Amino acid sequence: MTASARQISTRHLLGIKDLNEADIQLIFETAENFKQVLNRPIKKVPSLRDITIANVFFENSTRTRLSFELAEKRLSADIVNFAASSSSVSKGETLIDTVNNILAMKVDMIVMRHPYVGAGVFLSRHVKAQIVNAGDGAHEHPTQALLDAFSIRERYGDVAGRKVAIIGDILHSRVALSNILCLQKLGAEVMVCGPTTLIPKHIAALGVRVEHDLTAALKWCDVANMLRIQLERQDIAYFPSLREYSMLYGLNKRLLDSLDKEITIMHPGPINRGVELTSDVADSKHAIILDQVENGVAIRMAVLYLLAGRQE
Ligand code: CP
């Protein structure tokens, strides 16, 4: 069966938990086709010509918002963009009322980023539209995990059997949970590494290794996914200072060169240069950070295209 003849098993994409391995492989095969389209002089296909999508962002975003918008435009969808900061939310309008008013204008699909865990699940139960979670608090960021795994697959040919260390602020990260679930469904081994205060207490129950020593994590892994310290989600001090954090958990060229092997460096962005990794690492040949961003458009095209085929 060709990728286009197969269907994704879910109507919404609220988290990686909604996808089985066959869904993820289907998304990857579809994204490969769309990546070819994106490398042509005319980067557009008519696939979603009859679909209207609203990008509803209650939190700041650069990569995810622009990437979804470009994916929608490349698929010829009609789009509207909503930013909470310039909307009637400031006048007290609820999430359900806001979205139902958007849907009254004949919108088919909502791509939503929201600071609250479970906002996408909540919305999917109360409104008549397909929902794509573009990040809900510290819970899930499914399209980020898909583009990360797709980038690993592109680099190594397969995700199965790869050792991936997710390093940094695991506690406040939606990228971490979605990556763990996605990588495990694809057969990778996953380790989380960071200070004790930034690793959730029972995370080993997910079947991940836990490491507090950065050098040990780097020696173990093929891929290091360096996460940002999410100061905006931290209500107390989880470590003495950013300087001390970067001394213990920041990746620099000296440390990378001291390993007797090559590893691939990833980062979901935005990077805090000099904190989780130095510029000479972020801009080195080991880093695939901009490949991740490039792949994000093809992955989001694939997700939107496949979900649009599952409207009932
Ligand atoms: N990776 C990511 O979600 O980046 P943005 O917050 O800029 O969308």
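Values below: all heavy atoms of this structure, side chains included; hydrogens, waters and symmetry mates excluded. Only a predicted model underlies this, so the values are computations on that prediction, with no experimental measurement involved. In listed order, ligands and their atoms are each counted from 1.
In this structure, His114 and Phe58 have tilted ring planes: the angle between them lies in the 30° to 60° band.
Shortest contact from atom 6 (O) of ligand 1 to any protein heavy atom: Arg113 NH1, 2.9 Å. For atom 4 (O) of ligand 1, the closest heavy atom belonging to the protein is Arg63 NE, 3.1 Å. Taking atom 2 (C) of ligand 1 as the reference point, the nearest protein heavy-atom neighbour is Thr64 OG1, 3.5 Å.
Of all atoms in ligand 1, listed by their number and element, those nearer than 4.0 Å to a heavy atom of Thr62 are 5 (P), 7 (O), 8 (O). Each of the following atoms of ligand 1 lies closer than 4.0 Å to a heavy atom of His141: 2 (C), 3 (O). Within ligand 1, counting atoms from 1 as listed, the ones closer than 4.0 Å to a heavy atom of Gln144 are 1 (N), 2 (C).
When ring centroids are compared, Tyr305 and Phe34 come within the 6.0 Å threshold.
Each of Lys163, Arg162, Arg155 was checked for a salt bridge (charged side-chain N to carboxylate O under 4.0 Å, His left out) with Asp222, and the lone residue meeting it is Arg162.
Considering each of Gly296, Gly269, Ser61, Gly135, the one bringing a non-hydrogen atom nearest atom 8 (O) of ligand 1 is Ser61.
Side-chain contact check for Arg65 versus Arg113: every heavy-atom pair is 4.5 Å or farther apart. In this structure the side chain of Val192 never reaches within 4.5 angstrom of the side chain of Glu211, judged on heavy atoms. No side-chain heavy atom of Ile288 sits under 4.5 Å from any side-chain heavy atom of Ile265.
Ligand 1 has a nitrogen or oxygen under 3.5 angstrom from a nitrogen or oxygen of Pro268.
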